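What follows is a single structure, written as structure tokens, with notes after it.
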Amino acid sequence: DVQLQASGGGLVRAGGSLKLSCATSGFTFDDWAIGWFRQAPGKEREGISCISSIDNSTYYVDSVKGRFTISSDNAKNTVYLQMNSLKPEDTAVYYCAADVYGCPWGGSTWSGGMDYWGKGTQVTVSS
């Protein structure tokens with residue numbers, strides 16, 4: 001079975017950093033794209049970053065460019081999201097998801113749809 005598990009969330013002050021991890025299993029890691037998403041209360045789920053080993057591409061939503069960095073460790077089947085300069089508006093539940101065809105991104109915007117989703121991890125940024 002395909003499984004993804006996000007971890008590393010927590011409570012941090014504005015300006016601080018967190019590093020999220022997405023541990024994966026059940027598929028050939030280097031043939032998939034892995035994305036990070038977040039959902040704040042009362043808001044739609046937002047695609048914030050994606051990395052694809054299929055075409056060596058990375059994507060970021062404009063609001064996190066220059067602050068967040070996505071990376072992968074193929075030996076550990078894990079994708080990371082380093083989040084720096086955190087803001088209160090980054091507060092949300094963060095999820096990772098996998099797609100077999102690549103990152104469904106149009107420019108800086110998530111086009112919707114991923115094949116498999118993991119459970120989320122809460123990130124809370126205090127002001």
Side-chain angles (χ1 to χ4, degrees):
D1 292 346
V2 174
Q3 294 188 0
L4 302 98
Q5 179 62 58
S7 62
L11 174 63
V12 64
R13 289 190 175 185
S17 298
L18 283 174
K19 186 174 185 177
L20 304 184
S21 299
C22 176
T24 72
S25 63
F27 60 94
T28 304
F29 184 76
D30 56 2
D31 285 342
W32 289 66
I34 306 294
W36 283 100
F37 304 80
R38 65 187 180 189
Q39 189 165 18
K43 295 188 176 181
E44 293 186 352
R45 187 166 295 186
E46 176 185 30
I48 55 175
S49 186
C50 189
I51 186 166
S52 173
S53 61
I54 300 169
D55 60 3
N56 295 315
S57 59
T58 57
Y59 301 85
Y60 297 92
V61 70
D62 287 344
S63 62
V64 308
K65 283 181 181 177
R67 300 189 298 124
F68 291 10
T69 303
I70 193 169
S71 62
S72 66
D73 184 335
N74 287 3
K76 296 182 177 179
N77 290 352
T78 300
V79 170
Y80 304 97
L81 186 69
Q82 177 67 48
M83 306 188 295
N84 298 328
S85 302
L86 283 162
K87 305 175 181 180
E89 51 263 43
D90 294 318
T91 295
V93 177
Y94 283 69
Y95 301 86
C96 58
D99 194 282
V100 66
Y101 295 110
C103 292
W105 247 252
S108 299
T109 303
W110 175 42
S111 302
M114 296 290 283
D115 293 318
Y116 295 96
W117 292 83
K119 294 182 180 180
T121 185
Q122 176 71 46
V123 172
T124 302
V125 184
S126 64
S127 56

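Worth saying up front: this structure is predicted, and the values here are computed from it rather than measured.
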Legend entry - Row check, Tyr60 ring normal vs Lys65 NZ/CZ: under 6.0 Å, within 45°: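 Not satisfied by the 6.0 Å and 45° rule.
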Inset, instruction - Validate the cation-pi geometry between Arg45 and Trp110: distance from NZ or CZ to the six-membered ring centre under 6.0 Å, angle to the ring axis within 45°. - result: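 No; the conditions do not both hold, so Arg45 does not lie above the ring face of Trp110.
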Inset, instruction - Report the C-alpha separation of Asp73 and Thr78 in whole Å, then their side-chain angles, then the decisive distance to 0.1 Å, and conclude whether the side-chain hydrogen bond (donor to acceptor under 3.5 Å, both in side chains) test is met. - result: CA-CA 5 Å; Asp73 184 335; Thr78 300; over 6 Å; no
Is it true that [X] and [Y] fall in one hydrophobic cluster, defined by side-chain heavy atoms closer than 4.5 Å?
X      : Y      : value
Tyr80  : Leu20  : no
Tyr101 : Trp117 : no
Phe68  : Leu11  : no
Val64  : Leu86  : yes
Tyr116 : Val100 : yes

Quick one: [atom1] on [X] to [atom2] on [Y], what's the gap to the nearest 0.5 Å?
X      : Y     : atom1 : atom2 : result
Ile48  : Leu81 : CD1   : CG    : 5.0 Å
Asn84  : Leu18 : CG    : CG    : 9.5 Å
Met114 : Cys96 : CE    : SG    : 9.0 Å

Inset, instruction - Could you walk me through whether Glu46 and Ser63 pass side-chain contact (heavy atoms from CB on, under 4.5 Å), step by step? - result: CA-CA 11 Å; Glu46 176 185 30; Ser63 62; 3.9 Å; yes
Legend entry - Partner set under side-chain contact (heavy atoms from CB on, under 4.5 Å) for Ala98, not counting sequence neighbours: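 Partners of Ala98 by the side-chain contact (heavy atoms from CB on, under 4.5 Å) criterion, ordered by chain and then number, come out as Leu4, Phe27, Trp32, Ile34.
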Inset, instruction - With sequence neighbours left out, write down each residue that passes side-chain contact (heavy atoms from CB on, under 4.5 Å) with Thr109, or none if nothing qualifies. - result: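 Thr109 satisfies side-chain contact (heavy atoms from CB on, under 4.5 Å) with no residue once adjacent residues are dropped.
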Which atom pair, heavy atoms only, marks the closest approach of [X] to [Y]?
X      : Y      : answer
Pro88  : Ser127 : CG-CB, 3.9 Å
Arg67  : Ser85  : NH1-O, 3.0 Å
Tyr59  : Ser57  : CE1-OG, 3.2 Å
Asp99  : Gly113 : OD2-O, 3.9 Å
Gln82  : Ser17  : NE2-CB, 3.9 Å
Gly120 : Val93  : CA-CG1, 3.7 Å

Legend entry - Of Thr91, Asp90, Thr121, the residue whose pairing with Arg38 passes side chain to side chain donor-acceptor pair (under 3.5 Å):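 Of the listed residues Thr91, Asp90, Thr121, the side chain to side chain donor-acceptor pair (under 3.5 Å) partner of Arg38 is Asp90.
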Does a side-chain heavy-atom distance below 4.5 Å link [X] with [Y]?
X     : Y      : answer
Val12 : Thr124 : no
Arg13 : Val125 : no
Cys22 : Thr24  : yes

Inset, instruction - Kindly say whether the aromatic ring centers of Tyr94 and Trp36 come within a distance under 6.0 Å. - result: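 Between Tyr94 and Trp36, the centre distance exceeds or equals 6.0 Å.
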Legend entry - Residues which pass side-chain hydrogen bond (donor to acceptor under 3.5 Å, both in side chains) with Ser52, listed by chain and number, not counting sequence neighbours: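 Result, side-chain hydrogen bond (donor to acceptor under 3.5 Å, both in side chains) vs Ser52: Asp55.
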